[in-house]
Every structure is written in structure tokens, then in C-alpha cells.
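Labels below follow one simple rule: chain letters A, B, ... track the order of the sequence lines, proteins then strands, and each chain is numbered from 1.
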Amino acid sequence: MAKGQESKLKPISRRLFRDSTLEIAPKLLGINLCRRLDDGTILTGRIVEAEAYTQDDPACHAYRGITPRSKIMYGPPGFAYVYFIYGMYHCLNVVTEADGTAGAVLIRALEFDGANGPGKLCRQWQIDKKMNGLDLLNSDSALWLSSGSLQIDETIDITPRIGLSVAQDKLWRFSIRGNKFVSKSSSKKQPR
DNA sequence: GGGCCGATTGTT
DNA sequence: ACAATCGGCCCG
């Protein structure tokens, strides 16, 4: 493999995950997500949209405590939390917060054709629950994070998260302003 | 075991 | 505005 490509795929440092979920979410913008498919093909795409979810947040799957599904979010940071939603889509998160505390950042869009939305991203990149718990800081994984950054002229939009019926007031969605891969928010939901 | 609902997406 | 489509979770 060429040297340039090797450095491009090197995992990011775990140091990032000493920060809180709300600090990490915007910092993930510009970082590359890498996926090694079963046939060895490697896909890479910059993260352009992400949302924060914390343990004390009613919209977080870990809000009601440890369950078989939320367990991974209570573990150490830097691992994948993949869940199944609406009977047909998977969504990918990066686990945050120290072991014993839950937190995650939902990866909502990549700079990659067909990956402009959390469900579409997992469909396009063949990400499903078998990848729940993968170490995202190890390039031997089928999925990992590698270094990348914002361009000098790129800025971050901070907006409400998408698709929630609770905690709609929190401005915990981060996206690269003007990036064409950022998902479109459709109809709003009513609080119950 | 039953029933409700969802961190989505695409069509009507 | 709504259908597709089914696992997770709460309740009893």
C-alpha cells in the first residue's frame, strides 16, 4: 500500500474520547470513516453531520438505563453502537463517555454518494447490527475512524436534532455549513 | 404474550 | 400526510 494511503487510514487517537459527548460531536466533522467490505474493498468518507446523545437526555436510547440494546453505550468510548430502526434501517453511532457512563454520537451523513442520511449511510456501506461493538480506533476492524479535518473555509452549523418527539429544544446537531451531503430535515414531529 | 412506537426515508 | 416494516421495551 502506498505511504500516503497508509497514513490516510491510520486510526485517530483515543485521546479525543476524554472529552464530553457534546465536545466530541462537532470534532468528528471532517474526520474520515473507513469501511473494509467483505471483498476487501475500502470505502472512506468524511463525516459531515453528527448528533450528540447523552445519558440524561430523554431522546437517548440509554436514558432508561442498561438494556441489551443500550449496554454498549455504557461501555468504554470509541466503539460502534449500531441499532435497527423503523423495521428497515440501521444507524451508526460512536460511543462516548468513560466506562460506566452512557453517551454516543450519531453519524448522520458522510461525504459519499448515497450516504446523505443515517439510514442511507448504513445501507450504502453495508453496516448492520453485526458491527455493533466494533472498535472504531483499530484499522483491523471492518469499520474505523481515521484522521481528517475541516477545510479552512468550512464552518459548523448548530441546529436541533432530527426526527425526535422529545428534547427538540436541544441544539445538539452539528453539520458542515453548505455541504451538499448534509441530510435534509423533513416534517417536524409533535411532542407527545 | 400484547401492543405501541421509533435517532428514517420516499411517495402521495 | 402517510406507508413501509419489525425489533425493543414497557406493561401486566
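- In this structure A:Arg173 satisfies the salt bridge (Lys or Arg N to Asp or Glu O under 4.0 Å) test together with A:Glu49, sequence neighbours excluded.
- In terms of the side-chain hydrogen bond (donor to acceptor under 3.5 Å, both in side chains) criterion, A:Arg35 has no residue partners (sequence neighbours excluded).
- Counting non-hydrogen atoms of other residues, nucleotides and ligands closer than 6.0 Å to OH of A:Tyr63 gives a total of 12 or fewer.
- The existence of a salt bridge linking A:Asp128 and A:Arg123 is excluded, since no basic side-chain nitrogen approaches an acidic carboxylate oxygen closer than 4.0 Å.
- Of the residues in residues 51-60 of chain A, those lying under 4.0 Å from DNA chain B by heavy-atom distance are A:Tyr53, A:Ala59.
- The minimum heavy-atom distance linking A:Thr96 with A:Ile24 is given by the pair CG2-CD1, 3.8 Å.
- Rounded to whole angstrom, the span from the CG atom of A:Leu121 across to the P atom of B:dA7 amounts to 17 Å.
- Counting only residues at least two apart or on different chains, the side-chain hydrogen bond (donor to acceptor under 3.5 Å, both in side chains) pairs with a member in residues 71-81 of chain A are A:His61-A:Tyr81.
- A search for salt bridge (Lys or Arg N to Asp or Glu O under 4.0 Å) contacts involving A:Arg14 returns A:Asp135, not counting sequence neighbours.
- In this structure, the salt bridge (Lys or Arg N to Asp or Glu O under 4.0 Å) partners of A:Arg177, at least two apart in sequence or on a different chain, are A:Asp157.
- Residues satisfying the salt bridge (Lys or Arg N to Asp or Glu O under 4.0 Å) test with A:Glu23, not counting sequence neighbours, are none.
- Using P as the reference atom, B:dG2 and C:dT5 are 23 Å apart when rounded to the nearest Å.
- Using a cut-off of 4.0 Å between Lys/Arg side-chain N and Asp/Glu carboxylate O, A:Lys170 and A:Glu51 are scored as not salt-bridged.
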Applying the Watson-Crick and G-U criteria (both distances under 3.5 angstrom) with [ ] for crossing and | for other-strand pairs, one obtains for DNA chain B ||||||.||||.
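- When each of A:Tyr83, A:Phe84, A:Trp125 is paired with A:His90, the ring-ring contact (aromatic ring centres under 6.0 Å, His included) condition holds for A:Phe84 and for no other.
- Taking Ile, Leu, Val, Met, Phe, Trp and Tyr as members and joining any whose side-chain heavy atoms lie under 4.5 Å apart, directly or through other members, the hydrophobic cluster of A:Leu22 also contains A:Trp172.
- Of the residues in residues 169-183 of chain A, none has a non-hydrogen atom less than 4.0 angstrom from any atom of DNA chain B.
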So if I define the base as every atom that isn't primed, P, OP1 or OP2, how would nucleotides 5-12 of chain C read as a B/S/- string at a heavy-atom cutoff under 4.0 Å? BBSSSS--
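- The NZ-C1' distance, from A:Lys184 to B:dT8, rounds to 16 Å in whole Å.
- Environment of CG in A:Asp113: sparse, with no more than 12 heavy atoms of neighbouring residues, nucleotides or ligands closer than 6.0 Å.
- Taking a 4.0 Å limit (strictly below) on heavy-atom distances, residues 100-108 of chain A reaches DNA chain B at A:Leu106, A:Arg108.
- With rounding to whole Å, A:Arg123 atom CZ is found 14 Å from B:dT8 atom P.
- With contacts defined as side-chain heavy-atom distances shorter than 4.5 Å, the pair A:Val48/A:Leu110 does not qualify.
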Is there a side-chain hydrogen bond (donor to acceptor under 3.5 Å, both in side chains) between A:Ser20 and A:Glu97? Walk through the geometry before answering. CA-CA 6 Å; A:Ser20 70; A:Glu97 304 295 342; 5.2 Å; no
